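Note that the structure is predicted; figures quoted are calculated from it, not measured.
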Amino acid sequence: MKNNICSTFDISKYLSHFQEKVTKLLDLTDISEFDGQVLKIREEEIRKSALILAGECIALLLHNLSKSQDFLDKAMQQTQGWWHNKTQKHGYKKRQILTIGNVEVSLKLPYVVERKNQPDKNKQHEGFCPFLRYLGMSEGLTPVVLSKVAQYGAIAGSFEAARTTLIDWGIKISLKRIERLTYYFGQLGIDLRTHKLNDLKSGNLSTLNILKDQRVVIAVDGGRTRIRIPKKGKRKVKTNRYGFAGEWMEPKLLTIYVVNEQGQKIRTSAIPITNDGTYSGYQGFIQILEMYLVNLGISQAKQVLLIGDGAEWIWIHIPPLLKKLQCPHETYQLLDFYHAASHLQDFADAAFSTNNERQQWFKKSRKMLKKGQALDLMRNMGEIILSATGERCKILVRERNYILKAYRRRLLKYNEIMSRKLPLGSGAVESLIRQVVNLRMKGNGKFWLKSNAEIMLHLRCQWIAGRWDDFCNSIFNSFIKPISA
């Protein structure tokens with residue numbers, strides 16, 4: 001899109017223009033025609049002018065930095081980790097950078113390339129501008145613009161909706177570019193996560209004191225997304241493309257948070273919420289969970305509660321992990337109370353013929369479960385099963401066995417958990433799945449490439465956790481200290 005405003009670096013001229021325009025918008029001579037619609041129009045004009053002014057200021061700042069030899073030397077030195085053995089200076093290149101307000105600045109910057117022993121004359125040298133790499137502007141956008149594009153590309157309902165929002169804030173780029181930049185930015189986040197996983201394997205992952213003496217809740221669950229699986233064979237004649245099949249795949253998500261002595265969730269910058277997920281199966285999920293728990297310092301926690309539904313992979317693989325990480329003595333495991341209650345409701349629906357009987361039994365059983373009387377409850381369920389036959393009996397046995405399996409795993413200690421004022425339900429991760437997966441990634445006609453789904457899942461998890469700024473800062477810091485350095 002070539003409707004950008006080219007900066008002239010004359011800030012005094014634009015300040016004068018801004019003052020003149022805004023002065024007219026502040027004029028109240030014709031007060032009789034002033035209403036909400038007029039205010040809205042003027043408000044939008046003032047915002048637009050202010051954004052352009054901000055873009056002009058940023059453009060001038062970048063221009064001045066590009067003329068500072070000290071800063072150019074610093075950028076060259078701070079990006080040495082990106083250089084190869086045969087990387088050399090290669091003169092100057094002109095680059096255009098888009099700032100907020102749709103203001104574009106043109107800069108002439110030092111350029112470096114990797115020299116080949118036998119260069120291909122038909123192929124251009126691949127290199128970069130240290131100035132842009134150091135400031136995180138290799139994609140031709142300032143850091144704020146790039147992070148905003150990725151933010152709205154991830155949290156909006158679609159890339160089209162993201163583009164509309166970005167235009168409102170003076171960022172006018174094409175739909176394809178928004179999509180590409182969102183995945184580019186998200187992949188940088190995935191790369192940083194992979195780097196931490198490698199540190200965990202090598203024993204070099206740092207351990208923080210964030211969870212020291214805290215009451216920690218770990219909630220896990222899975223969602224559903226359709227993933228594109230390419231079909232083998234010849235391309236279709238009409239479209240010249242390979243077909244694909246949509247297969248349902250379960251992303252596994254986690255949320256780690258801290259509650260106070262009253263059982264209320266703590267939301268502070270010192271004790272942030274950690275959200276993430278993956279499509280890499282339970283093996284990949286367990287590695288990611290271990291990485292976060294080690295990094296946050298789970299072994300220093302005061303109490304730990306693992307909560308989830310009845311999925312086998314949760315209770316087979318995560319409890320041994322908590323033991324391996326030397327979680328505190330007060331570590332509890334709990335089946336989500338509301339999942340258990342839903343199975344009691346299904347049992348009641350099959351056991352009784354009238355709604356009144358169903359509700360009476362369900363309310364009584366729910367209270368028994370919460371009071372820690374699970375054994376008495378299962379005896380009662382067994383008595384009801386004895387008088388059932390056929391398909392009805394199968395349903396009753398299935399629902400009873402669900403409760404029985406949880407009981408044998410010691411996941412029904414609701415009275416004990418309540419006495420310690422810890423949560424009984426996994427509502428935190430259920431809400432996470434709804435916001436991260438269901439509202440964007442699950443729906444009619446939605447099919448995702450697995451790599452893109454992984455990126456979108458990761459980005460939306462960071463936003464929901466309220467850690468977007470920290471996430472962006474870690475990415476921009478990675479340009480200064482490359483992963484490969």
Quiz item: Are the ring centres of Phe128 and Phe479 closer than 6.0 Å?
Solution: no
Quiz item: Between the side chains of Ser68 and Asp70, is a donor N or O closer than 3.5 angstrom to an acceptor N or O?
Solution: no
Practice problem: Please list, chain by chain and in numerical order, all residues satisfying salt bridge (Lys or Arg N to Asp or Glu O under 4.0 Å) with Asp376, sequence neighbours excluded. | Solution: Arg379
Quiz item: Pairs in or reaching into residues 395-423: which pass salt bridge (charged side-chain N to carboxylate O under 4.0 Å, His left out), with residues at least two apart or in two chains?
Solution: Glu312-Lys405, Glu312-Arg409, Glu330-Arg420, Glu416-Arg420
Quiz item: If you measure only the distance, is there a donor-acceptor pair under 3.5 Å linking the side chains of Arg215 and Gln303?
Solution: yes
Quiz item: Do Ile256 and Leu293 have side chains that get closer than 4.5 Å, going by heavy atoms?
Solution: yes
Quiz prompt | Aromatic Trp82 / basic Arg133 pairing, under 6.0 angstrom, 45° off normal | solution = yes
Practice problem: Scan for salt bridge (charged side-chain N to carboxylate O under 4.0 Å, His left out) pairs involving residues 255-280, sequence neighbours excluded, and state none if there are none. | Solution: Arg193-Asp276, Glu261-Lys302
Exercise. Compare all side-chain heavy atoms of Met381 with those of Leu404 and state whether any distance is below 4.5 angstrom.
Key: no
Self-check item: By side-chain hydrogen bond (donor to acceptor under 3.5 Å, both in side chains) - contacts of Glu357 (at least two apart)
Solution: Thr354
Quiz item: Do any pairs count as a salt bridge (charged side-chain N to carboxylate O under 4.0 Å, His left out) and have a residue in residues 288-297, sequence neighbours left out, and if so which ones?
Solution: Glu290-Lys324
Quiz item: What pairs with Thr255 under side-chain hydrogen bond (donor to acceptor under 3.5 Å, both in side chains), at least two apart in sequence or on another chain?
Solution: Asn275
Quiz item: Under the side chain to side chain contact (heavy atoms under 4.5 Å, CB included) test, which residues partner Arg434, sequence neighbours left out?
Solution: Asn438, Leu439
Practice problem: Give the ring-plane orientation class for His343 versus Tyr402, where under 30° counts as parallel, over 60° as perpendicular and anything between as tilted. | Solution: parallel
Exercise. Report yes if the side chains of Pro251 and Thr278 come closer than 4.5 Å at any heavy-atom pair, otherwise no.
Key: no
Quiz prompt | Pairing residues for Glu250 by the salt bridge (Lys or Arg N to Asp or Glu O under 4.0 Å) criterion, not counting sequence neighbours | solution = Lys252
Quiz item: Between atom CD1 of Ile227 and atom CZ of Phe447, what is the distance when rounded to the nearest 0.5 Å?
Solution: 10.5 Å
Quiz item: Can you pull the salt bridge (charged side-chain N to carboxylate O under 4.0 Å, His left out) pairs that have at least one residue in residues 340-352, sequence neighbours excluded?
Solution: none
Quiz item: Who passes side chain to side chain contact (heavy atoms under 4.5 Å, CB included) against Cys57, sequence neighbours left out?
Solution: Ile11, Leu53
Quiz item: Under the 6.0 Å and 45° cation-pi test, does Arg366 pair with Trp361?
Solution: no
Practice problem: For Lys40, check salt bridge (Lys or Arg N to Asp or Glu O under 4.0 Å) against everything at least two apart and list the hits. | Solution: Glu44
Quiz item: Could you state the interatomic distance from NZ (Lys196) to CG (Asp191), rounded to the nearest 0.5 Å?
Solution: 13.5 Å
Quiz item: Which residues satisfy the salt bridge (Lys or Arg N to Asp or Glu O under 4.0 Å) test with Glu139, sequence neighbours excluded?
Solution: Arg180
Quiz item: Are Phe471 and His458 near enough that their ring centres are under 6.0 Å apart?
Solution: yes
Practice problem: Taking the six-membered ring for Trp and the single ring otherwise, decide whether the centroids of Tyr134 and Phe71 are under 6.0 Å apart. | Solution: yes
Exercise. Determine, for Phe337 and Lys370, whether the Lys NZ or Arg CZ falls below 6.0 Å from the six-membered ring centre while staying within 45 degrees of the axis.
Key: yes
